[in-house]
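Okay, so here's the structure we're looking at.
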Amino acid sequence: MPVVTRFAPSPTGSLHLGSARTALFNWLFARHHQGTFLLRIEDTDRERSTEESIQAIFKGLQWLGLDWDGEVIFQFSRANLHAAAARRLVEEGKAYYCYATPEELESMRAEAKKKAQPPRYNGLWRDRDPASAPAGVSPVIRLKVPQQGATQVLDLVQGSVTVNNAQLDDMVLLRSDGTPTYMLSVVVDDHDAGITHVIRGDDHLTNTFRQLQLYNALGWTAPRFAHIPLIHGADGAKLSKRHGAVDIGSYRDLGYLPEAMNNYLLRLGWGHGDDEIIPRDQAIAWFDIDHVGQAPARFDRARLDHLNAHYMRLLPDDALCEQLAAFLPSALDATQRRRLDRALPSLKQRAKTLVDLAENASPFLQDAPLSYSQEAQEVLRLSGAPLEQAFAFLETAEWAPEALEAGLRQVAEQGGEAFGKIASPLRWALTGCRVSPGIFEVLEILGRAESLQRVRTALAFQERK
RNA sequence: GUCCCCAUCGUCUAGAGGCCUAGGACAUCGCCCUUUCAAGGCGGCAACACGGGUUCGAUUCCCGUUGGGGACGCCA
């Protein structure tokens, strides 16, 4: 049977990292099996669902390169089908109308808690004659679940998990306003879409028992379930807003490449021997549910950084430049473009994110005179003879890398200084930074005129003797 | 409170009874390279939560303890 998976986020916020990973796993599983990957927006909560969130989900998935098959399914548009299923169950005596008020429910839960039982509905209307219904109260429809026995899930990740039915109450299928609840909608939609594998977060594991009971009542075969452990923050608690940036869009803005994000998310909770760098094609070939771990994983930014640095180095310069554009203060003119092209191979060697890269590129995008930082000014003030000697040499030097190197080394030697004594102030003068690509490279990229101009203005900061 | 799940270096993980004096990666520390910072190379530190079983033999199987997490809505 061909595999059909789905990603079913609710549009009540941005695309969370945990959700993104769930989407990735579903996508990989489907692609691995040459199956189908569907996207369903679970917008049955009319209060909290927003268009903005829907767009964030689309954008996030597109950025990650997780393409879905067919049209997006909007769950709310299928509400009448869900309601019909609920009414069918009432007709078949498998569900019933319940007129309990919020106050009554409240006291039932308090009561249960007092008796050291899970807070739940006590079945007040389960066998009560609907004729005794209070006037003017619109009822909900509840599923009549078995009170004896147990329900078992054979989870592809968690194994066999069983819960006593006494633990579960008669869940609401249809709200008093006639709209379906999540439990009903998911089951009907997954069934109608022919979903074969439900891969979702561990936090849904306990919902699965209820959904299984629903499949049962409806007379449908349930799909296979795979509950993947949640992603935790550094403190071990479920990753949430208090841990900082948790939505995929933030990481794009922080300068991470989708390739890195995918690789990182993939390795969070799944492994393939000693392999760490796993590009998309390899991931599709290798991905399986068997190797999904059972323990939650903590989000580790340093690891993401490392992968990002790796993928940036791997990216061809023109593609990297394209990615970088969004992080640059303005569009590049011809000169800037030429310098950046020359500097990029070296710059990308020393950046963890596109933000770093943009920052490091900055000296090459400016024209003399540079505006030097406090720190730069201080260094230049004390730069002394080495910088003067370097300038004197550069003024008449042949502007070729080998010649520049040989000449500057000679200058250092003549002055009886280590080469660093010259290179350091020269670097500050040329770039305004402590760190940069190799000094000869910088000279060559900037060219004679620009380099001399920069050093000349830098010299002006020198302490008067 | 009730139920469910989880447990290998700081972190992500390999490991499906002997291959384990537990492997890799990130982080960290040191050395090399070196004009800076990276990258790269080499090396160091660092883990099977604890207690019982089962077995000739447990990181691997079972039970318990401890610790962590999750779920208990007319939210999804």
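We use all heavy atoms of the structure for the numbers below, so side chains are in, but hydrogens, waters and symmetry mates are not. In the text below, chain A, chain B and the rest are named by the order of the sequence lines, each starting its count at 1.
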Contact pattern, 5' to 3', of nucleotides 27-45 of chain B - B, S or - by protein heavy atom under 4.0 Å: S-------BBBBS------
A:Gln158 side chain, from C-beta outward: closest of B:C74, B:G1, B:C5: B:C5
Pairwise C1' distance for B:U28 and B:U11, with rounding to whole Å: 12 Å
A:Asp170 and its side-chain hydrogen bond (donor to acceptor under 3.5 Å, both in side chains) partner, picked from A:Arg126, A:Arg142, A:Lys144: A:Arg126
Aromatic ring pairing A:Tyr256/A:Tyr251, orientation class (parallel under 30°, perpendicular over 60°, tilted between): tilted
Atom-to-atom span, CG of A:Leu17 to P of B:C12 - whole angstrom: 15 Å
Pairwise P distance for B:A76 and B:A39, with rounding to whole Å: 48 Å
Atom-pair distance (CG on A:Asn165; C1' on B:C3), nearest Å: 13 Å
hbond_proxy A:Asn207 side chain to B:A76 base (donor-acceptor, 3.5 Å cutoff): yes
Nearest-angstrom distance from the residue atom CG of A:Leu304 to P of B:C26: 14 Å
Rounded P spacing from B:C63 to B:C5 in Å: 11 Å
Gap between atoms CZ and P, on A:Arg298 and B:C6 respectively (whole Å): 17 Å
